Visitor: 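The structure follows.
Below, chain A is the first sequence line, B the second, and so on; all start at residue 1. Keep in mind that what you see is a predicted model, and the values were worked out from it rather than measured.
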Amino acid sequence: MLTIRNLHKAYGHTVVLNGIDLDVHRGTTTIIIGPSGSGKSTLLNCMNLLEVPSEGSLQLGAYTFQFGPQQLLDAKTVRAFRQKTGMVFQGHHLFPHMSVLENVMEGLVIVRKQNKADARKKAEHLLEKVGLRRFVDKYPDQLSGGQQQRVGIARALALDPDILLYDEPTSALDPELVGEVLNVMKELAGEGMTQVVVTHEMHFAREVADQVIFLDQGRILERGTPAHVFAQSRSERVRQFLSRISHAWREDNAERRANAHSVI
Amino acid sequence: MTNERLQHMLDAAQQSIGPILHGTLLYTIPISLISFAIGLVLAVLVALANLSDYSLFNKPARFFVWIIRGTPILVQMFIVFYGLPNIGVVVEPFPTAILIFSLNEAAYNSEILRAAILSIPKGQWRAGESIGMSYAQVLRRIILPQAARVSVPPLGNAFIGLFKSTSLVTLITIADLFGAAKLVAASTFEPMTVYVIAALFYLFFCSLLSLGQTQLEKKFGKHAM
Ligand SMILES: Nc1ncnc2c1ncn2[C@@H]1O[C@H](COP(=O)(O)OP(=O)(O)O)[C@@H](O)[C@H]1O
Ligand SMILES: [Mg+2]
């Protein structure tokens with residue numbers, strides 16, 4: 001459904017993405033992992049055209065884009081395309097001056113020009129789905145991090161995207177709030193939503209991913225099923241990285257538990 | 001102090017209240033309000049032009065701010081009121097005051113708004129764009145409402161500053177709060193009494209504005225992140 005070929009992205013002389021080929025099939029969940037600075041966010045932003053790639057091509061449904069120095073994108077087409085690719089950010093980026101309901105309605109009312117009553121109905125339905133029906137009149141700063149992130153998912157779902165892109169949706173959250181966000185994502189995967197997720201939540205990846213991509217210095221170093229990438233990678237770099245993050249994860253949790261005890 | 005002297009001061013005080021109030025209501029308040037309103041609209045445009053990537057917009061905006069900030073209000077006012085007639089352009093005192101104060105508010109407040117817009121996290125732009133909003137939609141719906149909240153305290157200060165600065169219009173023959181006081185001081189030979197009363201008038205109105213500013217800040221301070 002989403003086809004990326006030979007995608008490059010450079011800022012001046014800094015090459016951030018260096019020839020990415022990627023296929024994402026309808027109804028599947030793709031997990032992107034890789035060290036910090038490897039280009040994961042940039043790749044995701046390119047899929048939503050928040051960043052315009054320097055070279056290569058991208059195709060999603062009826063949209064096909066060719067990128068290059070001479071290629072100017074039509075602003076209107078880009079905006080229409082962005083509605084097809086929902087984006088969930090690490091720092092949620094909810095609109096702080098709008099209620100939860102207004103956050104979800106915004107795209108429907110302003111971009112889709114839907115009437116308020118219909119938009120409201122739809123937004124309420126989506127908030128129900130992420131378990132926040134009771135919070136419609138709250139403001140983002142009155143919610144926990146996990147709830148904020150779920151509103152972010154509802155906002156991204158509002159425009160009926162073909163694909164949802166998540167950039168480290170749980171890495172800014174306290175550990176006890178991670179589960180509620182991952183559960184929503186699992187449910188969406190179960191309903192056949194197509195998702196691309198940058199995350200280092202290995203349990204989640206094992207359980208939900210159809211495909212895992214390991215990104216390093218702007219290239220895909222490894223790809224395959226979770227079992228393949230996590231257990232059988234032939235790349236030393238991939239194995240090192242995986243053992244490092246699983247250690248970090250354990251230590252982090254042990255430390256948190258120790259701290260929790262010392263507070264009590 | 002003799003009784004007679006005290007009586008004279010009281011008379012002067014009594015005589016000054018009417019004209020000063022008149023000057024306040026007819027000139028000081030209208031000039032402040034109108035200039036601030038016009039200045040604010042212009043300030044938004046100048047701030048956006050200044051932030052634009054196109055030199056067609058940002059160059060003139062920067063030039064305008066440079067000129068206005070680099071020259072005293074009084075000199076600008078004299079150029080328009082006493083200078084322009086030299087080349088055949090006569091502008092009445094009141095329009096001169098509105099023109100000069102509007103331009104000054106535009107220049108200074110555009111800098112306040114520019115800083116406020118820049119203070120809104122980049123992620124807000126991205127979030128708006130990610131759901132397909134255009135630049136203008138993100139600006140109008142997401143960025144400016146938040147920038148407005150951030151700007152309330154400095155804009156409140158700017159308005160109080162403007163209210164006091166309008167006393168300069170006395171020098172282009174307008175009988176505003178201060179201008180009226182000046183006339184009464186001259187006719188009663190009691191400058192001390194009359195100017196202290198004028199000062200109390202300014203103090204009173206500025207205190208009201210401060211109170212209003214606090215209320216606005218409370219109202220807009222909610223749900224800021
Ligand atoms: N706007 C930019 N200008 C210059 N370099 C950038 C920009 N955005 C990202 N980069 C660089 O691109 C590289 C990849 O960044 P990013 O995609 O955020 O990595 P990741 O999400 O994997 O940590 C980093 O080295 C970063 O410094
Ligand atoms: Mg990143």
Visitor: Between A/Glu51 and B/Arg126, does at least one N-O distance fall below 4.0 Å, as a salt bridge requires?
Guide: yes
Visitor: If you count heavy atoms of other groups shown closer than 6.0 angstrom to NZ of B/Lys164, is the number above 12?
Guide: no
Visitor: Starting at OG of B/Ser130, measure out to CG of A/Asp167 and round the result to the nearest 0.5 Å.
Guide: 11.5 Å
Visitor: With chain B as the partner, which of A/Ile110, A/Asn45, A/Leu49, A/Val88 has the greatest number of non-hydrogen pairs under 4.5 Å?
Guide: A/Ile110
Visitor: Restricting to non-hydrogen atoms, name the atom on A/Lys113 and the atom on B/Gln137 that form the minimum distance, rounded to 0.1 Å.
Guide: NZ-NE2, 3.5 Å
Visitor: Would you say B/Phe63 has more than 12 foreign heavy atoms packed within less than 6.0 Å of its CZ?
Guide: no
Visitor: Around atom CZ of A/Arg26, are there more than 12 heavy atoms of other residues, nucleotides or ligands at under 6.0 Å?
Guide: no
Visitor: Determine whether more than 12 heavy atoms belonging to other residues, nucleotides or ligands lie under 6.0 Å from atom CD of A/Gln142.
Guide: yes
Visitor: Restricting to non-hydrogen atoms, name the atom on A/His97 and the atom on B/Pro145 that form the minimum distance, rounded to 0.1 Å.
Guide: CD2-CB, 3.6 Å
Visitor: Are side-chain heavy atoms of A/Pro96 and B/Gln124 found at a separation under 4.5 Å?
Guide: yes
Visitor: Can you give me the closest heavy-atom contact between A/Phe95 and B/Ala127, atom names plus distance?
Guide: CE2-CB, 3.8 Å
Visitor: Kindly determine whether B/Glu129 and A/Arg79 satisfy side-chain contact (heavy atoms from CB on, under 4.5 Å), including the steps that lead there.
Guide: CA-CA 8 Å; B/Glu129 283 170 2; A/Arg79 292 203 295 272; over 6 Å; no
Visitor: With a sphere of 6.0 Å drawn around NZ of A/Lys40, does it hold more than 12 non-hydrogen atoms of other residues, nucleotides or ligands?
Guide: yes
Visitor: Just checking B/Asp53: does its CG atom have more than 12 heavy atoms from other residues, nucleotides or ligands closer to it than 6.0 angstrom?
Guide: no
Visitor: List the steps, then state whether side-chain contact (heavy atoms from CB on, under 4.5 Å) holds for A/Glu106 with B/Met133.
Guide: CA-CA 9 Å; A/Glu106 185 69 7; B/Met133 292 172 107; 3.3 Å; yes
Visitor: Can you give me the closest heavy-atom contact between A/Gln83 and B/Ile131, atom names plus distance?
Guide: CG-O, 3.7 Å
